[in-house]
Amino acid sequence: MKLRPSYPNAPSQASVISTLTMFLTSPLLNLSSLKPHPSPFVNAASSISQNALLPKPPTLSSTSAFPPSTLLIQAMKKLQGRVVKNANDKTVAVEVVRLAPHPKYKRRVRIKKRYQAHDPENKFNVGDYVQLEKIRPISKTKTFLAIPVIARNAPKAPEAVPAELREMPTQTEAV
């Protein structure tokens, strides 16, 4: 049986133990003067009860100033896209375009994905812009609800000019 060769400059086990005992018994290292950390998260301080650390859950009472529907916080997935197909009853196919870096070339490329969305009133036509809101699954592929959105390039209504500005004289009339 071959023994592994020892390293020429490696300290012996006895010298390591003697160095550790000298360090731990040194007067410079006074472990008795250490105080526990004040944070309850270090050393598992038992002076603070666990109930004091946890916030109390909010209770909804009927005397609340706000109705319960406004108190809900939703972290739902919302997407925007264009309707590309509306042939099915109460269903539209929406194409969502997003920009993502190419895995190899790192250039931003357009990635298109089609989602089936619920259109309960059949009011969307091909080309309409909609927002998709995540809802409970209606079918195997339908988990979004289509909500109308004003398109970015839609014509805006002309702004009404206030009466004071209409009555002001123009520069040609003032001269």
Side-chain angles (χ1 to χ4, degrees), residues 4 7 9-10 34-166 168 170-171:
R4 295 169 73 186
Y7 295 102
N9 297 334
L34 290 177
K35 297 176 184 172
H37 196 274
S39 171
F41 301 106
V42 178
N43 300 331
S46 61
S47 61
I48 301 174
S49 69
Q50 290 296 328
N51 293 337
L53 295 177
L54 298 174
K56 294 181 181 177
T59 57
L60 293 176
S61 64
S62 60
T63 61
S64 176
F66 301 105
S69 62
T70 60
L71 294 177
L72 295 177
I73 298 173
Q74 293 184 344
M76 295 292 192
K77 189 174 184 181
K78 292 184 179 180
L79 303 168
Q80 279 193 357
R82 192 171 59 89
V83 176
V84 291
K85 181 182 174 185
N86 66 346
N88 301 333
D89 187 34
K90 297 186 179 182
T91 303
V92 290
V94 180
E95 187 176 68
V96 176
V97 178
R98 65 184 181 90
L99 293 175
H102 188 277
K104 182 176 180 182
Y105 301 114
K106 307 302 182 209
R107 184 184 187 278
R108 289 173 59 178
V109 293
R110 284 191 177 103
I111 295 178
K112 297 178 182 179
K113 187 168 181 184
R114 287 174 62 152
Y115 295 96
Q116 299 294 319
H118 186 57
D119 178 17
E121 300 166 3
N122 288 328
K123 62 181 177 182
F124 296 114
N125 296 318
V126 174
D128 292 347
Y129 283 91
V130 295
Q131 182 173 358
L132 301 180
E133 187 174 319
K134 189 89 169 162
I135 57 170
R136 65 174 179 81
I138 294 175
S139 69
K140 181 180 175 182
T141 58
K142 262 179 28 175
T143 58
F144 288 97
L145 176 68
I147 301 170
V149 172
I150 299 172
R152 284 191 231 170
N153 59 356
K156 295 180 181 177
E159 296 180 16
V161 179
E164 302 130 7
L165 292 178
R166 278 187 268 148
M168 291 180 68
T170 60
Q171 288 182 355

Going through the checks in order, is the side-chain contact (heavy atoms from CB on, under 4.5 Å) test met by N122 and N86?
CA-CA 8 Å; N122 288 328; N86 66 346; over 6 Å; no

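Taking the side chain to side chain contact (heavy atoms under 4.5 Å, CB included) definition, one finds that F124 meets it with V83, V92, D119, D128, V130, A146, P148, sequence neighbours left out. Evaluation of the side-chain hydrogen bond (donor to acceptor under 3.5 Å, both in side chains) rule for N125 yields no partner, not counting sequence neighbours. In this view, N88 satisfies the side-chain hydrogen bond (donor to acceptor under 3.5 Å, both in side chains) rule with no residue, not counting sequence neighbours.
Every pair passing side chain to side chain donor-acceptor pair (under 3.5 Å) that includes a residue from residues 94-118 is listed here, sequence neighbours excluded: H118-K142.
When all heavy atoms are compared, the tightest approach of A100 to I111 is CB-CD1, 3.5 Å.
Note that the CG atom of L145 and the CG atom of L132 stand 8.5 Å from one another [nearest 0.5 Å]. Remark: I147 CD1 to K78 NZ distance equals 6.5 Å, nearest 0.5 Å.
Counting heavy atoms of neighbouring residues, nucleotides and ligands inside a 6.0 Å radius, atom CD1 of I150 does not exceed 12 of them.
You'll find the side chain of F144 reaches within 4.5 Å of the side chain of K134, heavy atoms only.
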